[in-house]
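Only one structure is covered here, and it is reproduced in the block below.
Just so we're on the same page: letters track the sequence lines, and every chain starts at 1. Every value quoted in this text rests on a predicted model; they were computed, and no experiment measured them.
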There are 2 protein chains.
Amino acid sequence: MKQILIVEDEKIIAELERDYLEAHGYKVEIAADGDSGLKLGMSGEYDLIILDLMLPRINGFDVCRQIREKHNVPILMVTAKKEDIDVIRGLGLGADDYITKPFKPGELVARVKAHLARYERLIGTKENKEQIRIHGLLIDYGARRVFVHDQEVILTTKEFDLLYFLALNPNRVFSKDQLFEKLWGMDALGDAQTVTVHIRKLREKIEIDASKSQYIETVWGAGYRFRL
Amino acid sequence: MKQILIVEDEKIIAELERDYLEAHGYKVEIAADGDSGLKLGMSGEYDLIILDLMLPRINGFDVCRQIREKHNVPILMVTAKKEDIDVIRGLGLGADDYITKPFKPGELVARVKAHLARYERLIGTKENKEQIRIHGLLIDYGARRVFVHDQEVILTTKEFDLLYFLALNPNRVFSKDQLFEKLWGMDALGDAQTVTVHIRKLREKIEIDASKSQYIETVWGAGYRFRL
DNA sequence: GTTGATTTAATAATTATTTAATAAATGCTT
DNA sequence: AAGCATTTATTAAATAATTATTAAATCAAC
């Protein structure tokens, strides 16, 4: 679940925003002044920050600039005056979007959603997809079931995790060590060789012809890649 | 220099935009309909795309969606009606920003600048560019794939590393020893002659005519250089 | 305890990399 | 401009590294 930080001194507005965002499935926290907003924002715990320009103690400009120096988190600036927008933009603070009060709550939610989507697209911290369909393959994450051309294949836990992770990041190469760390946990003790064996079994089950894999490609010297 | 594509059927507007952007140091090309806009946009040669919603042949929605499926390039949507913006946002096409006609040219430039800056912040850190495109060459780092004029060529690990490193630092000459140290590690034991052989194989694969290299130049007595 | 999943280990198969030897090209000296 | 020294290109063979496969051992769930 995505975490959002609202930095806003007007309690009524902050809570209104929070309610709307929570209704759309986000986890929200509120900071009531620039000081605490900066402190929380710098923690790096949030996926997006909504930042009011006019704040007690430290103003929105400086909060934005300082957070931006350290983190790439999307920042949405909220201003009372439309004219401010050009000024802010001109300052090049690194805010990602600007929205003027009063705004329709739906608009805020739409922008939040759009920015989170873009950020995911660019950075690749993907949220779990419920279903993935590629070519003849259907991976149902909730049910943990996999179908190849409408024919169910039974996978073990590790096989499923492996397939799901690769399919979630298609076309990207992951080394055996990366896969091992991703799926077994970084402190797991063991050999990346086990990845090889699981890939082998997985292919046996989902590939028509194991010798020329259509889904999972071997990238020699680099790792494996799910072909899109 | 950043390349911008304007997809806009109204010639007057397109040229106005172009003039302003060129005055700010951008290289601009114009596509006058959805068809050619899509084709150019899909080439991946541009750093940003300005896309009008109403277009002949293929509308802006579909152009945006299709480009977005393949590329992460920032897309700015231009609409005539302010009311459209919420509709577009709701569709989740993956556009990065929205601007309504008529707009002050300064505003367009400011947004273009802001989006390019954000994009660089997130992606274009020279240390690990996700994709490099030069002339007909596309190097996809994450997928570890290389295309020459949309034709994939299969490279080995060392060949890929070599090409990627050189392309990341175009126009700069590296001696064989420097390359060996960079790619093999400073404590690697071995001969820089192996670099020569890898360059040879790399050229064989990516150069049209191996005798007159278009990508990797030999600088006699100094080393190799990726020609920009 | 039995079953099935996972890991380890050993070996085979495949592919990449390096070495080495020779040819070709370039620059320098006279 | 010819000849020599140096650097780079080319090629093939030898070596090294990586991945695939298989079977047996270990582990975990029921």
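- In Asp150(A), the CG atom is not crowded: 12 or fewer heavy atoms of neighbouring residues, nucleotides or ligands sit closer than 6.0 Å.
- Salt bridge Glu120(B)/Lys2(B): present, at least one basic N to carboxylate O contact under 4.0 Å.
- In this structure, CG of Leu202(B) is placed 13 Å from P of dT10(D), rounded to the nearest angstrom.
- Smallest separation of non-hydrogen atoms from Gly136(A) and Tyr215(A): N-OH, 3.6 Å.
- For the helix from dG1(C)-dC30(D) to dT30(C)-dA1(D), the angle separating the two terminal helix axes comes to 40°, with each axis derived from five pairs and the value rounded to 10°.
- For the residue pair Ile139(B) and Ala167(B), the shortest heavy atom distance occurs at CD1-CB, 3.6 Å.
- The nearest whole Å value for the distance from the CZ atom in Arg200(A) to the C1' atom in dT18(D) is 17 Å.
- Taking the charged nitrogens against the carboxylate oxygens, Arg111(A) and Asp97(A) do have a contact shorter than 4.0 Å, which makes a salt bridge.
- Going from atom CD1 of Ile216(B) over to atom C1' of dT10(D) covers 16 Å, rounded to whole Å.
- Listed by residue number, the members of residues 221-228 of chain A with any heavy atom below 4.0 angstrom from DNA chain D are Gly221(A), Ala222(A), Tyr224(A).
- Nearest heavy atoms, Asp177(A) versus Ala192(A): OD1-CB, 3.4 Å.
- Put simply, CD on Glu204(A) is 9 Å from P on dT21(D), counting in whole angstrom units.
- Put simply, CD on Glu217(A) is 16 Å from C1' on dA20(D), counting in whole angstrom units.
- For Phe165(B), the ring-ring contact (aromatic ring centres under 6.0 Å, His included) partners two or more places apart in sequence, or in a different chain, are Phe174(B).
- What you find for Gly41(B) and His71(B) is that their closest heavy atoms are O-CD2, 3.8 Å.
- The pair Glu159(A)-Lys201(A) does not count as a salt bridge, with every side-chain nitrogen at least 4.0 angstrom from each carboxylate oxygen.
- Between dT10(D) and Arg203(B), no contact under 4.0 Å exists linking OP1 or OP2 to a side-chain N or O.
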Which protein N or O atoms sit under 3.5 Å from an N or O of nucleotides 22-30 of chain C?
none

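- Atom CD of Glu207(B) is separated from atom P of dA9(D) by 12 Å (rounded to the nearest Å).
- Heavy-atom minimum distance, Ile216(B) versus Glu207(B): N-OE2, 3.0 Å.
- In this view, Glu8(A) and Lys101(A) satisfy the salt bridge (Lys or Arg N to Asp or Glu O under 4.0 Å) rule, not counting sequence neighbours.
- Comment: Asp47(B) does not engage Lys27(B) in a salt bridge, judged by the lack of any side-chain N to carboxylate O separation of less than 4.0 angstrom.
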For nucleotides 3-10 of chain C, 5' to 3', base contacts (B), sugar-phosphate-only contacts (S) and non-contacts (-) with protein non-hydrogen atoms under 4.0 Å give --SBBBBB
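- Using modelled atom types, one finds no donor on one side chain facing an acceptor on the other under 3.5 Å when comparing Gln66(B) with Arg68(B).
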